[in-house]
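Read the structure below first, then the notes.
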Amino acid sequence: MKELFLKYVLPMKWYFVYVAALLAWLAYANLTGDRILSFNNQEQWSSGGRSHGSGIMHHK
């Protein structure tokens, strides 16, 4: 078992550290409501928003 750990898992230790840090950052952003990779002038999507009159259902 120790040989398996030393041969396969130990060389990937920085990958696991990176994945754990990324998951921690995403969980923190989710809990605090932060928007990731977003710009200030971007509108938030809503299902009941305005309609532009385009689309399959609006054509006659």
Side-chain angles (χ1 to χ4, degrees):
M1 186 71 176
K2 188 175 181 181
E3 295 170 0
L4 178 72
F5 180 78
L6 292 174
K7 187 174 181 181
Y8 295 109
V9 178
L10 196 59
M12 295 176 49
K13 66 182 173 185
W14 290 113
Y15 173 76
F16 291 122
V17 169
Y18 174 75
V19 169
L22 182 64
L23 289 175
W25 177 53
L26 290 174
Y28 175 77
N30 188 33
L31 291 174
T32 60
D34 289 343
R35 297 178 71 188
I36 300 172
L37 299 176
S38 173
F39 299 101
N40 291 335
N41 60 356
Q42 199 173 24
E43 290 186 20
Q44 209 168 16
W45 182 86
S46 65
S47 62
R50 61 178 189 251
S51 174
H52 294 291
S54 63
I56 295 173
M57 298 303 290
H58 298 286
H59 290 280
K60 294 183 178 186

Query raised in the report: Atom CG of Leu4 and atom CG of Leu10: how far apart are they, to the nearest 0.5 Å?
Result: 11.5 Å
Query raised in the report: Of Thr32, Asn30, Leu26, which meets side-chain contact (heavy atoms from CB on, under 4.5 Å) against Tyr28?
Result: Thr32
Query raised in the report: What's the spacing between Leu23 CG and Tyr18 OH if we round to 0.5 Å?
Result: 10.0 Å
